[in-house]
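Presented below is the structure to which this report refers.
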Amino acid sequence: MESKLQLLRKHVRTFPDFPKPGIQFRDICPILKSPPALTAAIDLFEEQVRTIHPQVDLIVGLDARGFLFGPLLAQRLGIGFVPVRKRGKLPGTTVTAAYDLEYGKAELEIQEDAVSPAQKIVLIDDLLATGGTLCAACELLLRLKAQVLGCLVLIELKDLRGAERLKPHTVFSLLQY
Ligand SMILES: O=P(O)(O)OC[C@H]1O[C@H](OP(=O)(O)OP(=O)(O)O)[C@H](O)[C@@H]1O
Ligand SMILES: Nc1ncnc2[nH]cnc12
């Protein structure tokens, strides 16, 4: 029987030179279109969190592709989901962090009352490239005095060394390129 990781790998497409020349874009849309592949991704994330971070209080997902997996995982675990969004999308009082990513610059925000001090957080996104996005999200959570247990991504682009930039936070990836 095909393993869950093999199934996932078969459902990632690579587009050269998107959105800029030199970028190999890893497209996770086929995973979303395949119920067995999407179930495999959430199964593997669930197993990791239940094994390594059983004390987790909340899943925090990153705009936009982290929203495709985060709420599914949170529901499996029976806990809440909180979005970190690009600047200007969240109402009420927010905290903001600026960051660079593989192909640009942006700012992330979280609602100030979304996470309580000392709450234990696992972050999720589709992909780790330079680590700029996840670092900015960790910074937001630390400013709210939450405890970051670790980060989950479907895909890690090893050459860009995002995991090193994220230290002391840890990252668990399902597929590496
Ligand atoms: O590790 P980094 O270099 O920060 O890059 C990774 C981020 O880049 C992509 O998001 P993008 O900002 O393109 O936004 P999207 O999810 O809204 O498409 C991806 O979904 C990650 O969030
Ligand atoms: N190479 C890449 N493919 C898909 N999403 C990305 N986000 C940052 N770099 C990316």
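Counting starts at 1 for both ligands and their atoms, in listed order.
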Original post:
Under 4.0 Å from ligand 1, counting heavy atoms only, is it the side chain of D126, its backbone, both or neither?
Top reply: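 It is the side chain that touches ligand 1; the backbone stays farther off.
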
Subject >> Per-residue contact class, D125 against ligand 1 - non-hydrogen pairs under 4.0 Å >> reply: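 Side chain only.
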
Original post:
Which ligand 2 atoms are under 4.0 Å away from a heavy-atom of A129?
Top reply: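 This gives 8 (C), 9 (N) as the contact atoms.
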
Original post:
Which atoms of ligand 2 sit under 4.0 Å from any heavy atom of Q24?
Top reply: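 It comes down to these atoms of ligand 2: 1 (N), 2 (C), 3 (N).
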
Return yes or no for this condition: an N or O of [X] is under 3.5 Å from an N or O of ligand 1.
X   : value
A64 : yes
R65 : yes
Y99 : no

Original post:
At a 4.0 Å threshold, what atoms of ligand 1 neighbour a non-hydrogen atom of L127?
Top reply: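 Checking each atom against L127, I get 6 (C), 21 (C).
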
**OP:** Run the numbers for me: atoms of ligand 1, each under 4.0 Å from some heavy atom of T133, listed by number.
**Re:**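 Close to T133: 2 (P), 4 (O), 5 (O), 6 (C), 7 (C), 22 (O).
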
Nearest heavy atoms of [X] and [Y], plus distance in Å:
X    : Y    : answer
I121 : A146 : CG1-CB, 3.9 Å
G80  : A74  : O-CB, 3.7 Å
V84  : F67  : O-CZ, 3.5 Å

Original post:
When you look at CD of Q75, are more than 12 heavy atoms from neighbouring residues, nucleotides or ligands closer to it than 6.0 Å?
Top reply: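 12 or below, so no.
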
Original post:
Considering residues, nucleotides and ligands other than R143, do more than 12 of their heavy atoms fall under 6.0 Å from its CZ?
Top reply: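 More than 12 within 6.0 Å, yes.
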
Original post:
Would D43 and K4 pass as an ion pair if we require N to O under 4.0 Å?
Top reply: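 So D43 pairs with K4 through a salt bridge.
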
Original post:
Is there a path from I52 to L154 through hydrophobic residues (I, L, V, M, F, W, Y) whose side chains come within less than 4.5 Å of each other?
Top reply: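 Result: no, two separate clusters.
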
Subject >> In one Ile/Leu/Val/Met/Phe/Trp/Tyr side-chain cluster, 4.5 Å: L90, L140 >> reply: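 Unlinked, L90 and L140 end up in two clusters.
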
Original post:
Does G131 have a non-hydrogen atom less than 4.0 Å from ligand 1?
Top reply: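 For ligand 1, residue contact (heavy atoms, under 4.0 Å) with G131 is present.
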
Original post:
Among the heavy atoms of L62, does any lie under 4.0 Å from an atom of ligand 1?
Top reply: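 Contact absent.
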
Original post:
Just distances here: any N/O of R65 and N/O of ligand 2 closer than 3.5 Å?
Top reply: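 Yes; at least one N/O pair falls below 3.5 Å.
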
**OP:** Please name the residue in the list T96, L134, T133 that meets the side chain to side chain contact (heavy atoms under 4.5 Å, CB included) test with L108.
**Re:**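 It is T133, the one option of T96, L134, T133 that forms the side chain to side chain contact (heavy atoms under 4.5 Å, CB included) with L108.
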
**OP:** Give the contacting part of L157 toward ligand 2: side chain, backbone, both or neither, where contact means a heavy-atom distance below 4.0 Å.
**Re:**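 Side chain only.
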
